[in-house]
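One structure below.
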Amino acid sequence: MPVFLLIVFCHAYVKRVNIFDTFVEGAGEAFHLVMRLMPYVVGIYVAVGIFRSSGALDLLASVLQPILTLAGIPREVLPLFVVRPLSGPAALGLTADLINRYGPDSFTGRLAATIDSSTDTTIYILAVYFASVGIKKARYSLPVGLLADLTGFMAAVYICHRVFG
């Protein structure tokens with residue numbers, strides 16, 4: 001780290017760049033970016049909370065129970081599949097809860113950890129990153145991202161059954 005700072009200072013000296021003014025300008029731009037993104041982040045967290053608190057997630061798990069049983073997916077893992085594209089911290093909280101409840105060596109704990117690491121926060125990424133650069137029409141980004149999440153989920157289930165059986 002000190003070497004990196006030395007390189008930055010030397011480069012700025014050679015290019016005749018005022019480091020402090022450049023830093024203040026960048027910090028100001030970052031502050032405006034955070035203020036512009038905050039409504040999207042808050043909206044996602046509120047939506048996740050409403051979805052969980054309303055019982056809709058439990059209802060969805062009940063409806064999909066026969067398919068989950070056929071695919072060998074524990075019912076407890078379904079909320080992770082629903083929440084993971086929306087929020088990384090919420091998904092991590094669900095994963096930690098599953099591991100605490102069933103144990104880190106249980107199939108449910110291992111599957112939850114594998115799903116958490118093999119899928120992404122697609123909707124969060126689209127909301128925050130696309131909003132930060134002003135993209136209004138995401139085109140195929142959402143379907144492709146959710147398809148990638150579904151693929152990661154199914155691959156995690158398959159691999160966990162093969163490895164941990």
Name all residues meeting the side-chain hydrogen bond (donor to acceptor under 3.5 Å, both in side chains) criterion together with [X]; count only those two or more places apart in sequence or in a different chain, and write none if there are none.
| X | result |
| --- | --- |
| D97 | R101 |
| Q65 | T69 |
| T122 | D149 |
| N18 | D21 |

Same cluster or not: [X] versus [Y], using hydrophobic residues (I, L, V, M, F, W, Y) connected whenever any side-chain heavy atoms lie under 4.5 Å apart?
| X | Y | value |
| --- | --- | --- |
| I99 | V83 | no |
| Y158 | L64 | yes |
| F153 | V163 | yes |
| L142 | V133 | yes |
| M154 | I67 | yes |

Spacing of [atom1] belonging to [X] relative to [atom2] belonging to [Y], to within rounding of 0.5 Å:
| X | Y | atom1 | atom2 | value |
| --- | --- | --- | --- | --- |
| I123 | L146 | CD1 | CG | 5.0 Å |
| I115 | C160 | CD1 | SG | 7.0 Å |
| I135 | F130 | CD1 | CZ | 4.5 Å |

[X] versus [Y], closest heavy-atom pair with distance:
| X | Y | answer |
| --- | --- | --- |
| V17 | T22 | CG1-OG1, 3.4 Å |
| P79 | E76 | CD-O, 3.3 Å |
| G152 | S118 | O-OG, 3.4 Å |
| L80 | A91 | CD1-O, 3.4 Å |
| A71 | H161 | O-NE2, 4.0 Å |
| P66 | S62 | CD-O, 4.3 Å |

Query raised in the report: Can any side-chain N or O of R84 pair as donor or acceptor with the backbone N or O of T119 at less than 3.5 Å?
Result: yes
**Report entry** Donor-acceptor pair, side chain of S106 and main chain of G103, under 3.5 angstrom
**Finding:**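 Answer holds: yes.
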Query - Pair F107 + F164: ring centers closer than 6.0 Å - result: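 When the ring centroids of F107 and F164 are compared, they turn out to be at least 6.0 Å apart.
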Close side-chain approach of [X] and [Y], heavy atoms under 4.5 Å:
| X | Y | value |
| --- | --- | --- |
| L78 | I73 | no |
| S87 | T121 | no |
| L68 | P74 | no |
| L150 | F81 | yes |
| P104 | R110 | no |

Report summary line: The remaining residues in the hydrophobic cluster of V63, counting side-chain heavy-atom contacts under 4.5 Å among Ile, Leu, Val, Met, Phe, Trp and Tyr, are none
Identify all side-chain donor-acceptor contacts of residues 3-10 below 3.5 Å with residues at least two apart in sequence or on another chain.
none

